[in-house]
Amino acid sequence: MAEMYNHHTVEKKWQKIWEEEKAFKVSEDYSKPKFYALVEFPYPSGQGLHVGHPRPYTALDIVSRKRRMQGYNVLFPMGWDAFGLPTENYAIKNHIHPKIVTKNNVARFKGQLQSLGYSFDWDREINTTDPDYYKWTQWIFLKLFNAGLAYKKEMPINWCTSCKVGLANEEVVNGVCERCGAPVVRKVKSEWMLKITEYADKLIKDLDDVDYIEKVKVSQKNWIGRSEGAEVDFILKDKDEKLRVYTTRPDTLFGATYMVISPEHPLIDKYKDEITNWEEIQKYREMAARKSDFERTELAKDKTGVVLGGMSAINPVNGKEIPVWISDYVLMSYGTGAIMAVPAHDTRDWEFAKKFDLPMIQVVEGKEGPVDINEAAFTDVATGKMINSEFLDGLEVTEAKEKMKDFLEEKGIGNRKVNYKLRDWVFSRQRYWGEPIPIVHCEKCGYVPLDESELPLLLPEVDSYMPTDNGESPLAAMTDWVNTTCPCCGGPAKRETDTMPQWAGSSWYFLRYTDPHNTEALASKEALKYWLPVDWYNGGMEHTTLHLLYSRFWHKFLYDQGIVPTKEPYQRRTSHGMILGENGEKMSKSRGNVVNPDDIVQAYGADTLRTYEMFIGAFDLSASWSEDGVKGCRRFLERVWKLQTIMTDEEGYSADMETKMHQTIKKVSQDFESLKYNTAIAAMMALINDFYKKNAVTKGEYKTLITLLNPVAPHITEELWQIIGGEGRVYETTWPEYDEAKTVESTVEIARCSGQRKDTCNFEDRQG
RNA sequence: GCCGGUGUGGCGGAAUUGGCAGACGCACAUGACUCAAAAUCAUGCGGGUAACACCGUGCCGGUUCGAGUCCGGCCACCGGCACCA
């Protein structure tokens, strides 16, 4: 009689053996075909692993284990994205150095991951807070600086009132801080910026060459927000002054009935003395400036504004005089900060015109019939044709756009122009626990980069990590660190005290895994050439416009510098759905629906947890946790275990099972590669049900099942392999092959339809 | 408002290119084993009927011998962006 399945002993036993045998150590043999599987490295928080973590990790562990058995040299690494605010806050609160906090959290996370039996090559573990690592983060920053892509700018930034830190646009959600939910206000500060906008076009265009799930591509494109249009110069009446606007609808130029400029537009101050209602203008500007981002979005629908008294503009195409208004629906940060308003054909202009009773001129008519612009703006480009527009009359909108652009360029009153919603990346953080920015400021020489030989610039020990109310980094108080000499002239200079954002270390970590202990370069040329690009990268949708975009930007920059051999870092990108609580809500302490993976591993075993998380539902959709579902998966593994008792000694497949075996191999092989883990497992469940139905399984069938199941449940399958006398280890065996011809059942179907294809097989035949 | 996604049993979810809807699992019911329970095993399990018939994939219509799948028009929910000219 077979022994009972005891997951405690089985899992401990095999984890130890794998470690001793260095089972998953990556081979340095660059002649083998390679496969680079990557999951987002976690932030080692104090809470420990969440049940959400194992979902993507198990998925790519499955693929990695399968690919190894198929003869690939697989790189499946893990590390720690360990700089960041929660660690720093915890350190402040508990008076422990962030370094110690990180060390403890990493140890906990690593233990948890190891208890789940992942096939990571732990010899390649990396940590972004390790000076040997962040040396290269700083090195890349210097490259960016020397290429003119890192610059310092005095600008209004998103300031989180609670974290006391500047945020990137991507980190502000609905006007509040993405991390803590506190309101974000504008604050003018001198900040380090990275020119991601320089890469806007490449970041869009090269999406064509990679295999990302569609919604990721769409989100990135929308976020970058490319639009094609024209800039047009209007003339301020009686002044030698042009007022330049940006528009995507140059075809509607004859319909412009007024102009609007942003409250921050510099022209307002310039003509201060000539504006007849200065006090009113001043009041409006103050009100607009006081609005927080949150209020601005809340009040977005209701248009406000004030006319600029004593000013008017001339439409360059027809010489008509039109008024100029200021309103906060025009943003200084986009285009030129000024627009021509065409209320008949733009919804926002229409609302504004209705509210202030401004005139409208219709210049586009519906092709299929008249439209009433008193009801709503007519904005449909596809079904319009031009009217009231002199030389454009009768043209389709798209034709008219081009004709007008030509006209503007010919007459020298405008030009074609592409704009982006994407802003440059605010790269400064006024916090302690981040990479120091390797720049010094010298009165004489300006911002001077450190020499490469001075890297890493170590994070100094400070007495207090407390963020300051005045917006200065805690490092600023370290005067003996701050005061230094200029690398350029040798005179007195001050170090930069802001640190890098958490996104810095994660923007290139996948490069380091290829050669993690290199002291001469971020990775050797050979390693990069062999391993890149990452073949399959899985990660959360929440990083689409943050980490994923940032790292593509850095990679493209490094490519242009000749440092990496590929234009794109990741060939394939997939995303997993969230695991929700039993009640269908997001897991959180306050809702009391949090499941701790340690408890599941303890009670049911890692193999059960892995199987369950893969079986829970479609990989890309969110799914609710169910303890009964966990039990079902445990039951399945026990039934696999007990197949021993009905095993026969035959090495091959029995005749009646042959088709089923080949079908299952095919299904599992394909499903593992296409995110359909749930149906792969269902196929294996169906297979063992068949074994039990006939109360027999051959040794050959059992071995195939064990191999197919091994990537999902690696411990129990190694144990079974050993019990039934399999040679060597499952992890180093060969992935089963299937014969396409043997997957087809010989059926009555063919006889019934007399071998005809479905198109020729008519309904009556099928009835007969 | 714009973009993307999803609607299938009591529940999670399956259904290559249109071809037996509900695979697989959970829950439930009945039976076997047990003094009993749990576990395990067996059987059943969309609605409807004594059994058929018949009705069933969010709603309305269309194409087709045949529609969960394709086309047109709606509705609901989820996610993202949100005054980007």
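Only this structure's heavy atoms are used, side chains among them; waters, hydrogens and symmetry mates stay out. Just so it is clear: chains get the letters A, B, ... in the order the sequence lines come, proteins before strands, and each one is counted from 1. From a predicted model like this one, the values you see are computed outputs, not experimental measurements.
- Residues Thr545(A) and Lys667(A) both approach RNA chain B. Their nearest nucleotides, taken by heavy-atom distance, put Lys667(A) toward the 5′ side.
- The salt bridge (charged side-chain N to carboxylate O under 4.0 Å, His left out) pairs that include a residue from residues 247-258 of chain A are Arg249(A)-Asp251(A), where partners are two or more places apart or lie in different chains.
- Going from the C1' atom of A14(B) to that of A23(B) covers 5 Å, rounded to whole Å.
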Wobble G-U and Watson-Crick pairs count when both distances are under 3.5 Å; given that, what is the 5' to 3' dot-bracket string of RNA chain B, with | for pairing to other strands? (((((((..(((......[....))).(((((.......))))).((......))..(((((..]....))))))))))))....

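- When the side-chain nitrogen and oxygen atoms of Ser227(A) are compared with OP1 and OP2 of A85(B), one or more of them lie within a distance under 4.0 Å.
- Applying the ring pair (Phe, Tyr, Trp, His ring centres under 6.0 Å) rule to Tyr246(A) yields no partners; only residues at least two apart in sequence or on another chain are considered.
- Taking atom P on both nucleotides, A32(B) is separated from A37(B) by 11 Å, rounded to a whole Å.
- Counting atom types as modelled, Lys303(A) pairs a side-chain N or O with a base atom of C83(B) as donor and acceptor under 3.5 Å.
- The nucleotide whose nearest atom lies closest to any side-chain atom of Asn222(A) is, among C3(B), A14(B), A85(B), C3(B).
- Going from atom CD of Glu214(A) over to atom P of G80(B) covers 19 Å, rounded to whole Å.
- In this structure, Asn419(A) reaches neither bases nor backbone, as no heavy-atom distance under 4.0 Å exists between it and the strands shown.
- Between the CG atom of Leu675(A) and the P atom of A14(B) there is a distance of 12 Å, rounded to whole Å.
- Backbone-only engagement by Thr248(A) is indicated by non-hydrogen atom pairs under 4.0 Å involving sugar-phosphate atoms exclusively.
- Of the C1' atoms belonging to A27(B) and G44(B), the separation is 14 Å, rounded to the nearest Å.
- Shown here is Lys694(A), whose NZ atom has more than 12 heavy atoms of other residues, nucleotides or ligands within 6.0 Å.
- Anti is the glycosidic conformation of G10(B), whose angle departs from 0 by more than 90°.
- Lys320(A) NZ: 12 or fewer foreign heavy atoms inside a 6.0 Å radius.
- Residue Lys215(A) is classed as a sugar-phosphate contact, given heavy-atom separations below 4.0 Å to backbone atoms only.
- Taking atom C1' in both G66(B) and A21(B), one finds a spacing of 14 Å when rounded to whole Å.
- As judged by a 4.0 angstrom heavy-atom cut-off over every strand, Ala618(A) is placed among residues touching the sugar-phosphate backbone only.
- Per the geometry, CD1 belonging to Ile616(A) stands 12 Å off P belonging to A14(B), to the nearest Å.
- When only modelled atom types and interatomic distance are considered, Asn538(A) and His576(A) share a side-chain donor-acceptor pair under 3.5 Å.
- U17(B) atom P lies 12 Å from atom CD of Gln670(A), rounded to whole Å.
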Distance-only donor-acceptor pairs under 3.5 Å for side chains of residues 615-627 of chain A, two or more places apart:
from, atom 1, to, atom 2, distance (Å)
Ser626(A), OG, Asp628(A), N, 3.4
Ser626(A), OG, Gly629(A), N, 3.0
Glu627(A), OE2, Tyr604(A), OH, 2.7

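- A gap of 24 Å separates the P atoms of C3(B) and U8(B), to the nearest Å.
- Take Phe356(A) and apply the ring pair (Phe, Tyr, Trp, His ring centres under 6.0 Å) test, not counting sequence neighbours, and it matches Trp325(A), Phe352(A).
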Please write out each protein N/O paired with an N/O of nucleotides 24-27 of chain B under 3.5 Å, distance rounded to 0.1 Å.
from, atom 1, to, atom 2, distance (Å)
G25(B), OP1, Asn689(A), ND2, 3.2
C26(B), OP1, Arg635(A), NE, 3.1
C26(B), OP1, Arg635(A), NH2, 2.8
A27(B), OP2, Arg635(A), NH2, 3.4

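- Remark: the separation of the C1' atoms in G18(B) and U69(B) is 6 Å, to the nearest Å.
- Between the Asp328(A) side chain and the Ala288(A) main chain, no donor and acceptor come within less than 3.5 Å of each other.
- In this structure, Ser622(A) reaches the sugar-phosphate backbone alone: every heavy-atom distance under 4.0 Å involves primed, P, OP1 or OP2 atoms, never a base.
- Using modelled atom types and a 3.5 Å distance limit, the side chains of Glu40(A) and His547(A) yield no donor-acceptor pair.
- Taking atom CD1 of Ile579(A) as the reference point, atom P of G12(B) lies 16 Å away to the nearest angstrom.
- A donor-acceptor pair under 3.5 Å links the side-chain atoms of Asp424(A) to the main chain of Ile196(A), judged by distance alone.
- G68(B) and G7(B) have their C1' atoms separated by 11 Å, given to the nearest Å.
- A donor-acceptor pair under 3.5 Å links the side-chain atoms of His662(A) to the main chain of Asp739(A), judged by distance alone.
- For the C1' atom pair drawn from C45(B) and A38(B), the interatomic distance equals 23 Å after rounding to whole Å.
- Atom CD1 of Ile688(A) is separated from atom C1' of C41(B) by 14 Å (rounded to the nearest Å).
- Other residues, nucleotides and ligands place more than 12 heavy atoms under 6.0 Å from the NZ atom of Lys217(A).
- The distance between atom CG of Leu331(A) and atom C1' of C81(B), rounded to the nearest whole Å, is 14 Å.
- Distance CD1 (Ile213(A)) to C1' (G79(B)): 12 Å, rounded to an integer number of Å.
- The nucleotide whose nearest atom lies closest to any side-chain atom of Tyr246(A) is, among G4(B), A85(B), C83(B), A85(B).
- In the set A85(B), A15(B), C83(B), the nucleotide with an atom closest to the side chain of Lys676(A) is A15(B).
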